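Bear in mind the structure is a predicted one, so any value in this text is a computation, not a measurement. Order of listing sets the numbers, starting from 1, for every ligand and every atom in it.
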Amino acid sequence: MRKIILPVLAGLLAACTAVTVAVGSAAAEPEPVATQDVHASDGCYTWPRNLSQGASGEDVRQLQIRVSGYPGYGAVLALDGQFGPGTKAAVTRFQQAYGLSADGVAGPQTFSTIYALQDDDCTPVNFAYPELNHCNSDWSGGMVSASQARANALVTMWKLQALRHALGDRPIGVNSGFRSVACNNAAGGAANSRHMYGDAADLAAGSQGFCTIAQQARNHGFSELLGPGYPDHNDHVHVANRSGQFWSAPNCGI
Ligand SMILES: [Zn+2]
């Protein structure tokens with residue numbers, strides 16, 4: 001998170017842009033370039049280059065995680081490290097959501113916005129690992145490895161951050177996230193519950209209300225969505241990732 005530095009960074013970016021234009025138009029005198037300052041490191045992850053359609057690699061995958069909440073209605077963004085049309089569209093929606101120039105290319109403005117949105121452990125600023133795990137502290141005992149469960153929860157948090165931002169940046173509470181098999185059994189969870197994979201979250205009504213949350217969640221990358229009117233879901237909205245889409249919240253028109 002680097003929110004304090006942003007105004008300074010904006011100034012540097014403007015200066016850098018001006019320098020780049022001058023160099024690009026074959027100015028007679030070379031000018032000092034401040035790119036090291038523009039790409040100042042972040043506590044979690046620092047992108048080493050701008051990213052656009054056609055790029056591939058781990059830095060693309062890191063970007064995909066951050067924009068996974070912007071796949072469009074009913075869609076899920078693949079976290080495959082390949083910057084294709086879906087990633088471009090997600091980056092564009094992210095840029096629109098934060099008032100950036102929306103060209104689908106991840107450059108300094110986009111990365112600065114992400115840096116300001118993430119904590120040093122790579123979680124988005126409004127969510128944290130303990131909120132996504134009321135079962136244990138080491139993420140063990142689920143249906144996937146502890147590291148995979150934790151990684152799944154990270155993606156879910158970025159989707160929740162997108163949902164939260166779309167609903168006016170009002171708090172969203174998570175009543176239950178990751179559950180080991182034992183925790184899931186104790187909670188009376190379904191035998192195939194996504195909570196055991198780390199990507200599920202049971203959301204409180206907050207000031208938004210269940211149906212507002214459930215309806216908006218359809219835009220933010222959750223292929224599993226259960227809410228009021230679905231058995232045992234009148235007191236929370238359950239969102240998760242799964243293969244194939246399953247949405248049901250009849251009392252909310254879903
Ligand atoms: Zn649930």
Side-chain angles (χ1 to χ4, degrees), residues 65 68-71 73-77 79 123-124 126-167 170-254:
I65 292 170
S68 60
Y70 294 91
Y73 182 91
V76 176
L77 182 64
L79 308 178
T123 59
N126 296 113
F127 296 92
Y129 283 114
E131 291 178 81
L132 270 286
N133 185 352
H134 300 277
C135 168
N136 60 33
S137 57
D138 64 3
W139 301 82
S140 66
M143 295 293 285
V144 292
S145 70
S147 61
Q148 185 64 57
R150 198 169 182 271
N152 289 346
L154 178 65
V155 176
T156 290
M157 282 188 266
W158 280 99
K159 294 177 179 179
L160 291 175
Q161 187 74 34
L163 170 63
R164 186 186 191 280
H165 185 59
L167 292 177
R170 286 176 286 168
I172 293 178
V174 180
N175 294 330
S176 182
F178 170 76
R179 298 173 194 155
S180 66
V181 174
C183 284
N184 190 61
N185 289 341
N192 61 347
S193 169
R194 293 303 305 183
H195 287 280
M196 297 182 290
Y197 296 78
D199 53 46
D202 290 345
L203 308 179
S207 60
Q208 302 90 338
F210 289 131
C211 286
T212 298
I213 290 174
Q215 288 157 0
Q216 185 64 37
R218 297 176 294 183
N219 297 298
H220 297 290
F222 298 109
S223 52
E224 186 166 275
L225 170 56
L226 305 171
Y230 186 80
D232 299 325
H233 285 72
N234 286 335
D235 61 353
H236 67 282
V237 173
H238 165 106
V239 292
N241 193 33
R242 53 171 278 153
S243 63
Q245 185 184 90
F246 184 65
W247 290 351
S248 181
N251 295 357
C252 303
I254 298 170

Check: Under 3.5 Å, is there a donor-acceptor pair between the side chain of Glu224 and the main chain of His238?
Finding: no
> Got an N, O or S from His233 under 2.8 Å of the Zn ion (ligand 1)?
Replying inline: no
- Query: Any chance the side chains of His195 and Asp202 put a donor and an acceptor closer than 3.5 Å?
  - Reply: yes
The atom name of the N, O or S atom in Asp202 nearest to the Zn ion (ligand 1) is OD1
Per residue His238, nearest N, O or S atom to the Zn ion (ligand 1) is named ND1
Checklist entry - Do the rings of His233 and His236 sit parallel, tilted or perpendicular, given the 30° and 60° boundaries? => result tilted
Tell me if a side-chain donor or acceptor on Arg218 pairs with a main-chain N or O of Gln215 at a distance below 3.5 Å. yes
